[in-house]
There are 2 protein chains.
Amino acid sequence: MKMNEGVEWAMHSCVNLSWLPGEAVTAKRLAAFYDLPTAYLNKQLQALTRAGILSSTSGPKGGFQLARDPRNITLLDILTAIDGADDAFRCTQILKAGPGADPKADYREVCLVSQAMRAAELNYRRELAGQTIADIVTRVEAQSPAAPENTRTWFANLKS
Amino acid sequence: MKMNEGVEWAMHSCVNLSWLPGEAVTAKRLAAFYDLPTAYLNKQLQALTRAGILSSTSGPKGGFQLARDPRNITLLDILTAIDGADDAFRCTQILKAGPGADPKADYREVCLVSQAMRAAELNYRRELAGQTIADIVTRVEAQSPAAPENTRTWFANLKS
DNA sequence: TGGTTCTGGATATTAGATGTCCTGAATAGC
DNA sequence: GCTATTCAGGACATCTAATATCCAGAACCA
Ligand code: SF4
Ligand code: SF4
């Protein structure tokens, strides 16, 4: 049960972008911040854009920025944009291969193992849906008040 | 974010074994029930055995059976036995590659993104820890009272 | 003793995650 | 218009982990 690494990159990139409002930041600069492979991070940023979390502009002076208020971007939004909406527990409906199976039944609904696992996972997603980028940012600033300014100057001083 | 398929096999096998108490069931028979690859299912059963969930006996008349009361086997027990105890969200501590990093800090504790993700996952595991095989069995029997007897006769009639 | 079954390591196969590259379209500045 | 920059996205290459098979050894029963 492993999650795409890009989820973590995406969350941190969103936090950083929240400290650079209205400014288009290129994928190269975002990647440089954590020393990530540019082209690959770019793919994750594209996914965030398709999901309406970021907005992008081409050309010189182009780049990515948050498409909406950080209070309106949940951790679940980012997770599903990068990692998809599929459940970790895959009900392969093996009961259909078993004896006494009813081919017409949807065992995802009927089977109680499936129900238990899906309920737990639904809860997990609900919890992530209750956490926004703004919440994270607020807590980061409470913990290290210099973080926003440090990030801004770091991006300002980055050349090339 | 995908979970090992064996988790599902293991859970269903435990349910079936709870209807065959005191009886050693071979991996081949358990696999036949859902038409699963015998050797591979056997590996999952071995893992359950190492985790103390099943007990195994070699030789003719050998096989697997539940090692303890189904009320004392949680879904989390099975998940960790098959899929390991690692979190889905892997904190690769990318902050260490970032500016202003403190190499001595454990960012899994400090970082608030990591905290949020791990808290949600902890909740997920706690929920699974609150569900036992006995709970599932009880609900299955309430839904289809014939299930235990059907399973028993199926295993009894299975030849080879 | 012989046949059955679990144990665990070695190995093969496949799918998916990770990473790179290249072409094309959009855009800003000249 | 021309050029340089950047995103968009498809095509690939690589690497890792899940899935699956096989076999030699140990345990066990009759
Ligand atoms: S979890 Fe339930 S529905 Fe899914 S395959 Fe297993 S028995 Fe069928
Ligand atoms: S989640 Fe937090 S601790 Fe983990 S790598 Fe990202 S910043 Fe570091």
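Bear in mind that the values here come from a model prediction, so they are computed numbers and not experimental data. Labels below follow one simple rule: chain letters A, B, ... track the order of the sequence lines, proteins then strands, and each chain is numbered from 1.
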Chemist: Where the side chain of A:Asn4 is concerned, which of D:dA8, C:dT18, D:dA17 is the nearest nucleotide?
Modeler: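 Among the listed nucleotides, the one closest to the side chain of A:Asn4 is C:dT18.
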
Chemist: Between C:dA28, C:dT18, D:dC28, which nucleotide has the shortest distance from any of its atoms to the side chain of B:Pro60?
Modeler: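 Comparing C:dA28, C:dT18, D:dC28 against the side chain of B:Pro60, the answer is D:dC28.
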
Chemist: Name the residue closer to the 5' end of DNA chain D, choosing between A:Phe64 and B:Tyr40 according to the nucleotide with the nearest heavy atom.
Modeler: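 On the 5' side of the pair lies A:Phe64.
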
Chemist: By nearest atom, which of the nucleotides C:dA26, C:dG19, C:dT5 is closest to the A:Ser58 side chain?
Modeler: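 The answer is C:dA26.
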
Chemist: Strictly below 4.0 Å, N to O, side chains only: are B:Glu121 and B:Arg118 in salt-bridge contact?
Modeler: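 No, this pair does not count.
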
Chemist: Tell me whether A:Arg152 at atom CZ has more than 12 heavy atoms from other residues, nucleotides or ligands lying less than 6.0 Å away.
Modeler: yes

Chemist: Using five base pairs at each end to define the local axes, how bent is the helix from C:dT1-D:dA30 to C:dC30-D:dG1, to the nearest 10°?
Modeler: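 The angle separating the two end axes equals 20°.
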
Chemist: Between B:Phe64 and B:Thr26, is any pair of side-chain heavy atoms under 4.5 Å apart?
Modeler: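 No, too far: nothing below the 4.5 Å cut-off.
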
Chemist: Return no unless some side-chain N or O of A:Arg90 is found under 4.0 Å from OP1 or OP2 of D:dT19.
Modeler: yes

Chemist: Verify the distance criterion only: is there a donor paired with an acceptor across the side chains of A:Ser13 and A:Asn16 at less than 3.5 Å?
Modeler: no

Chemist: A:Lys2 or B:Ala27: which one's nearest nucleotide on DNA chain C is closer to the 5' end?
Modeler: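 By nearest-heavy-atom nucleotide position, the 5'-most residue is B:Ala27.
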
Chemist: Is the distance between the ring centroids of B:Phe33 and B:Trp154 under 6.0 Å?
Modeler: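 When the ring centroids of B:Phe33 and B:Trp154 are compared, they turn out to be within the sub-6.0 Å range.
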
Chemist: So if I take residues 42-52 of chain A and measure heavy-atom distances to DNA chain C, which residues fall below 4.0 Å?
Modeler: A:Lys43

Chemist: I'd like to know if the side chain of A:Asp77 pairs up with that of A:Thr74 as donor and acceptor (distance under 3.5 Å, no hydrogens or angles considered).
Modeler: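 Their side chains do contain a donor-acceptor pair, which is all the 3.5 Å distance test asks for.
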
Chemist: For a quick check of understanding: with a heavy-atom distance under 4.0 Å over all strands, which category does B:Gly6 fall into, base, sugar-phosphate or nothing?
Modeler: nothing

Chemist: Would you say the side chains of A:Thr132 and A:Asp135 form a donor-acceptor pair under 3.5 Å?
Modeler: yes

Chemist: Would you kindly give the CG-to-P distance between B:Asp35 and D:dA20, to the nearest whole Å?
Modeler: 11 Å

Chemist: Give a yes-or-no answer on whether the side chains of B:Glu141 and B:Trp19 include a donor-acceptor pair shorter than 3.5 Å.
Modeler: yes

